[in-house]
Amino acid sequence: MELRQLRCFVAVAEELHFGRAAERLLLGQPAVSQQVRRLERELRVELFDRSPRHVRLTPAGERFLPAARNVLAAEDAARALAADLAAPTVLRLGTVTGLGERLDDILDAYRRQAPTVRVELDSLPVRERLTRLADGRLDAAFVRGTVPHQNQNQNQNPDQAQDQAPDLRYLPLWQDELVIALPAGHPLADRPEVDLADLAALPLLLTERRNHPTLVDLVTAACAEAGFRPLLGPPHSTLQNTLASIGTGAPMWTVVYAANARMTNTRRIAFRPSRTPLTLPVSLAVRRSAPLPRLLLATCRNPTTSTPSPAPTSNDQDS
């Protein structure tokens with residue numbers, strides 16, 4: 001039994017799709033399928049129920065998954081410790097808004113497993129974040145939105161440009177959920193989830209598109225699919241100011257990362273999921289020439305439960 005076989009098995013088990021697992025592992029799909037088949041032959045058991053329409057874990061696969069994860073977690077811990085002995089004592093990390101408890105997990109993991117590494121957080125607009133990563137001033141950076149491709153055209157969103165940094169690669173991490181924020185006294189706040197179409201008459205408070213095109217495009221496209229063009233209210237520069245306006249009780253709404261919503265304690269605002277899910281993918285950008293920050297990746301992909309901070313202070317211009 002080889003570690004690469006276990007990595008492929010766990011990736012497929014979590015994605016339930018060989019293509020997505022291959023993307024996540026930066027491998028070809030045939031290689032992933034081959035490694036899983038080899039593992040099954042060695043174990044003498046089928047781990048997946050495969051059909052043209054779906055991939056599911058068999059009962060044996062469900063029983064084997066926790067053990068495989070434990071082996072990979074032990075390997076990650078050993079690699080992180082070994083890397084820490086030879087690595088620089090500072091991890092310079094470009095951050096995004098709405099990380100919430102995930103950021104606590106990262107800081108806790110380094111404090112426990114790499115106590116000699118100081119994590120420096122740098123919150124910058126995405127263009128500057130990627131520029132600093134490319135020239136070595138950052139070691140890794142979170143990027144929210146569609147993973148960039150090297151051959152994009154000139155009409156691409158400015159927060160997805162990779163033309164000037166072809167030496168970067170993007171490792172998929174998770175999907176960030178967005179929830180709807182509206183006054184707690186509004187009738188829609190009594191519902192467990194909100195249909196976007198019911199918000200058509202309410203002003204939408206969003207940052208200017210140049211600040212966060214990925215987010216703005218996602219929301220406006222979702223509204224269009226719901227059959228309306230949102231009535232845009234005056235933009236605010238920070239999430240705190242936006243929520244303060246909504247907290248006055250005037251009928252208006254916005255979207256907030258679910259992690260930020262969990263950190264917000266106010267009876268004036270209601271956070272409700274959208275009936276049509278709103279999500280943005282989050283990736284970790286790293287230089288191709290640099291060693292992978294394995295402890296950082298392991299923590300992002302296998303988060304633990306942390307205690308949320310009391311209140312948000314982040315700026316919603318980041319992406």
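Values reported hereafter were calculated over all heavy atoms of this structure, with side chains retained and with hydrogens, waters and symmetry mates removed.
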*Where Ser245 and Leu205 come nearest, the two heavy atoms and their spacing*: CB-CD1, 4.0 Å
_salt bridge (Lys or Arg N to Asp or Glu O under 4.0 Å) contacts touching residues 14-30 (sequence neighbours left out)_ = Glu14-Arg24, Glu14-Arg69, Glu15-Arg20, Glu15-Arg24
_Please determine whether residues Leu292 and Leu93 belong to a single hydrophobic cluster, defined as Ile, Leu, Val, Met, Phe, Trp and Tyr linked transitively by side-chain heavy-atom distances below 4.5 Å._
yes
*Verify side chain to side chain contact (heavy atoms under 4.5 Å, CB included) between Asn260 and Met263, making sure each step is shown before the conclusion.*
CA-CA 5 Å; Asn260 271 347; Met263 294 165 61; 4.1 Å; yes
_Within the 4.5 Å heavy-atom criterion, are Val12 and His17 side-chain neighbours or not?_
no
*Should Ile180 and Thr254 count as side-chain neighbours, where that means a heavy-atom distance under 4.5 Å?*
no
*Compare every heavy atom of Ala140 with every heavy atom of Leu284, then report the nearest pair and how far apart it is.*
CD1-CB, 3.9 Å
*Report yes if the side chains of Leu178 and Ser274 come closer than 4.5 Å at any heavy-atom pair, otherwise no.*
no
*Can you see which heavy atom on Leu6 is nearest to which on Ala68, and at what distance?*
CD2-CB, 4.1 Å
*Taking all atoms of both residues into account, what is the closest heavy-atom pair of Ala60 and Glu46, and its distance?*
CB-O, 4.0 Å
*Start with the C-alpha distance between Leu239 and Val256, add both sets of side-chain angles, then the distance that settles side chain to side chain contact (heavy atoms under 4.5 Å, CB included), and finish with yes or no.*
CA-CA 8 Å; Leu239 175 62; Val256 177; 4.0 Å; yes
*Start with the C-alpha distance between Leu199 and Leu204, add both sets of side-chain angles, then the distance that settles side chain to side chain contact (heavy atoms under 4.5 Å, CB included), and finish with yes or no.*
CA-CA 8 Å; Leu199 298 167; Leu204 168 62; over 6 Å; no
*Please report the closest heavy-atom contact between Cys8 and Leu27, naming both atoms and the distance.*
SG-CD1, 4.2 Å
_Are Glu177 and Leu280 packed together at the side-chain level, in the sense that at least one heavy-atom pair is separated by less than 4.5 angstrom?_
no
_Step-by-step side chain to side chain contact (heavy atoms under 4.5 Å, CB included) determination, Leu171 to Arg301_ = CA-CA 10 Å; Leu171 310 173; Arg301 289 174 171 170; 3.8 Å; yes
*Where do Met1 and Leu39 come nearest, in terms of heavy atoms and distance?*
CG-CD1, 3.8 Å
*Look at the side-chain heavy atoms of Ile, Leu, Val, Met, Phe, Trp and Tyr, link any pair under 4.5 Å apart, and say whether Leu25 and Leu65 land in one connected group.*
yes
*Give a yes or no on whether a salt bridge exists between Arg92 and Asp139, defined as a side-chain N under 4.0 angstrom from a carboxylate O.*
yes
*So do the side chains of Val143 and Leu130 get within less than 4.5 Å of each other, counting heavy atoms only?*
yes
*Kindly indicate whether the side chain of Phe142, heavy atoms from C-beta on, has any atom under 4.5 Å from the side chain of Cys300.*
yes
*Cation-pi geometry met for Arg118 and Tyr110 (6.0 Å, 45°)*: no
_Strictly below 4.0 Å, N to O, side chains only: are Arg102 and Asp105 in salt-bridge contact?_
no
*Please state whether the rings of Phe18 and Phe48 are parallel, tilted or perpendicular, taking 30° and 60° as the class boundaries.*
perpendicular
*Value rounded to 0.5 Å, distance of CD in Glu225 from OG1 in Thr276*: 7.5 Å
*Is Leu206 close to Val255 at the side-chain level, that is, under 4.5 Å between some pair of heavy atoms?*
yes
*asked:* Between Asp217 and Arg209, is the salt bridge (Lys or Arg N to Asp or Glu O under 4.0 Å) condition met? List the steps.
replied: CA-CA 8 Å; Asp217 289 349; Arg209 186 181 180 279; 2.8 Å; yes
*Can you pull the salt bridge (Lys or Arg N to Asp or Glu O under 4.0 Å) pairs that have at least one residue in residues 267-280, sequence neighbours excluded?*
Glu193-Arg275, Asp195-Arg275
*For atom CZ of Arg137, is the number of surrounding heavy atoms from other residues, nucleotides or ligands below 6.0 Å larger than 12?*
yes
*Under a 4.0 Å N-O cut-off, is there an ion pair linking Arg38 with Glu42?*
no
*Quick check: does any side chain N or O of Gln5 sit under 3.5 Å from a backbone N or O of Gln35, one acting as donor and the other as acceptor?*
no
*Can you find a heavy atom in the side chain of Arg169 that is under 4.5 Å from one in the side chain of Leu26?*
yes
*asked:* Run Glu62 and Arg56 through salt bridge (Lys or Arg N to Asp or Glu O under 4.0 Å) and show every step you take.
replied: CA-CA 9 Å; Glu62 290 178 354; Arg56 294 176 183 167; over 6 Å; no
*Any sub-3.5 Å donor-acceptor pair from Arg262's side-chain atoms to Tyr257's backbone N or O?*
no
*asked:* Just to verify, what does Thr279 make a side chain to side chain donor-acceptor pair (under 3.5 Å) with, not counting sequence neighbours?
replied: Gln175
